[in-house]
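A quick write-up on the structure given underneath.
These figures come from a predicted structure and were not determined experimentally.
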Amino acid sequence: MTTEHNLPADDVWAPLRRSTQARIGLGRSGNALPSRRVLEFKAAHSAARDAVHVPLDAQALASEVEALGLGTPTHVRSRAADRSEYLRRPDLGRAPVDLSAVAHCGADVGVVLADGLSPRALADHGANLLAALAGELGGAYRLAPPVIATQARVALGDHIGAALGVSTLLMVIGERPGLSVADSLGIYLTHLPRPGRTDADRNCISNIHPPGGLDYATAARIAAALVTGARRLGRSGVDLKDSSRAELEA
């Protein structure tokens with residue numbers, strides 16, 4: 001006997017499907033997928049495309065950030081003029097147009113909220129994640145006023161961090177959407193940020209998108225542990241290991 005979706009009544013994939021967003025055990029309709037699965041795929045593809053192409057409402061995000069009491073955020077733009085150029089020219093997304101509005105504060109930690117490849121992710125989760133980071137870091141470190149960056153790639157944070165004069169920079173950025181998740185954020189940590197840093201100089205916390213991914217509080221605790229480790233070690237990247245999960249389970 002089969003269900004209406006052409007899956008066996010005793011579907012062995014059901015327990016696994018409840019624990020993953022991956023498309024597994026989709027069933028068959030003749031030599032093709034069931035219509036429901038095809039429509040689900042098309043909807044996911046449309047959501048991923050929208051997540052990439054719909055620009056961030058920076059003003060709305062700035063209002064959310066300001067309501068947190070962390071200061072008025074500065075808005076920085078990369079040299080990519082719009083989403084189309086941003087997607088075609090990754091190099092332009094790594095360099096700022098103008099940083100004159102970014103005040104040198106010499107704080108311990110700076111946080112940049114960047115649209116990246118999923119402005120939707122930043123709109124959905126950016127303010128809440130910033131609040132969690134501030135709560136985890138604010139008692140131990142001086143935090144720079146937040147910065148919002150649009151048409152941004154990760155390396156844009158190196159320029160912003162240097163302009164702020166912070167010791168450690170956290171770049172919160174929208175991750176590349178997939179067909180399972182379109183609203184995932186990542187945090188890239190760079191100690192002593194400056195232009196010319198490479199990916200080997202960074203640490204990444206990815207897959208932040210509650211309730212299906214990493215939650216804000218856990219992401220903030222991991223980031224705080226990495227900040228502490230980077231400052232103790234004097235550098236970040238391949239030499240800095242994330243031991244926070246072991247500490248949380250102890």
Side-chain angles (χ1 to χ4, degrees), residues 20-23 37-68 70 72-90 92-94 96-97 110-134 146-157 160 169-189 202 204-220 222-223:
T20 179
Q21 294 173 300
R23 287 177 166 77
R37 302 304 186 190
V38 173
L39 293 174
E40 287 173 347
F41 178 88
K42 290 185 176 181
H45 185 254
S46 296
R49 286 178 60 88
D50 287 347
V52 171
H53 289 284
V54 175
L56 175 72
D57 186 339
Q59 186 173 356
L61 179 60
S63 297
E64 291 183 53
V65 171
E66 194 162 5
L68 297 176
L70 301 174
T72 302
T74 302
H75 184 192
V76 171
R77 298 173 176 83
S78 79
R79 293 182 182 175
D82 52 32
R83 292 305 289 176
S84 176
E85 186 171 53
Y86 169 79
L87 295 171
R88 289 183 288 106
R89 292 285 305 276
L92 296 180
R94 300 185 184 109
V97 170
V111 180
V112 176
L113 302 174
D115 53 3
L117 286 167
S118 179
R120 171 187 161 183
L122 191 64
D124 289 353
H125 305 295
N128 288 330
L129 180 55
L130 176 61
L133 288 168
V147 175
I148 295 173
T150 51
Q151 316 299 4
R153 302 279 176 171
V154 172
L156 183 64
I160 298 171
L169 187 81
L170 298 177
M171 184 80 161
V172 176
I173 191 166
E175 296 183 314
R176 184 185 304 275
L179 293 173
S180 297
V181 179
D183 64 339
S184 181
L185 283 178
I187 301 175
Y188 287 83
L189 179 150
R202 314 186 202 284
C204 178
I205 306 164
S206 63
N207 203 38
I208 306 168
H209 58 97
L214 198 64
D215 63 89
Y216 308 131
T218 301
I222 295 171

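With a 6.0 Å radius and a threshold of 12 heavy atoms from other residues, nucleotides or ligands, Tyr188 has its OH atom at or below the threshold.
The minimum heavy-atom distance linking Ile173 with Ala152 is given by the pair CD1-O, 3.6 Å. Nearest heavy-atom pair across Ala132 and Ala220 is O-CB, 3.5 Å. Residue Ala58 comes nearest to Ile148 through the heavy atom pair O-CD1, 4.0 Å, listed as atom of the first residue, atom of the second, then distance. Contact detail for Ala223 and Leu189: the closest heavy-atom pair is O-CD1, 4.2 Å. The two residues His125 and Pro210 have their closest heavy-atom pair at CE1-O, 3.6 Å.
The salt bridge (Lys or Arg N to Asp or Glu O under 4.0 Å) analysis of residues 75-87, with sequence neighbours excluded, yields the pairs Arg83-Asp115. Annotation: side-chain hydrogen bond (donor to acceptor under 3.5 Å, both in side chains) contacts involving residues 55-66, sequence neighbours excluded, comprise Glu66-Thr72.
Contacts of Arg120 classified as salt bridge (Lys or Arg N to Asp or Glu O under 4.0 Å), with partners at least two apart in sequence or in another chain: Asp124. Listed by chain and residue number, Gln21, Asp183, Ser184, His209 satisfy the side-chain contact (heavy atoms from CB on, under 4.5 Å) test with Val181 (two or more places apart in sequence, or in another chain). Take Leu39 and apply the side-chain contact (heavy atoms from CB on, under 4.5 Å) test, not counting sequence neighbours, and it matches no residue. Residues passing the salt bridge (Lys or Arg N to Asp or Glu O under 4.0 Å) test with Arg89, sequence neighbours excluded: Asp91.
Between the side chain of Glu175 and the backbone N or O of Asn207 there is at least one donor-acceptor pair closer than 3.5 Å. Proximity of a side-chain donor or acceptor of Tyr216 to a complementary backbone N or O of Gly126 within less than 3.5 Å is not detected. Panel note: side chain Ser118, backbone Ala182; a donor-acceptor pair is recorded below 3.5 Å.
Considering CZ of Arg153 and CG of Leu92, their distance stands at 9.5 Å, rounded to 0.5 Å. Between the CG atom in Leu185 and the CG atom in Leu122 there is a gap of 6.0 Å [rounded to 0.5 Å]. Taking OG1 from Thr74 and CD1 from Ile160, the interatomic distance works out to 9.5 Å, rounded to the nearest 0.5 Å. Between atom CG of residue Leu156 and atom OG1 of residue Thr150 there is a gap of 9.0 Å, rounded to the nearest 0.5 Å.
Pro73 is not listed as a side-chain neighbour of Leu113, based on a closest heavy-atom distance of 4.5 Å or more. Under the 4.5 Å side-chain criterion, counting only non-hydrogen atoms from C-beta, Leu117 is in contact with Leu87.
For the side chain to side chain contact (heavy atoms under 4.5 Å, CB included) criterion with Val172, the lone passing option out of Ile205, Ile187, Ile208 is Ile187.
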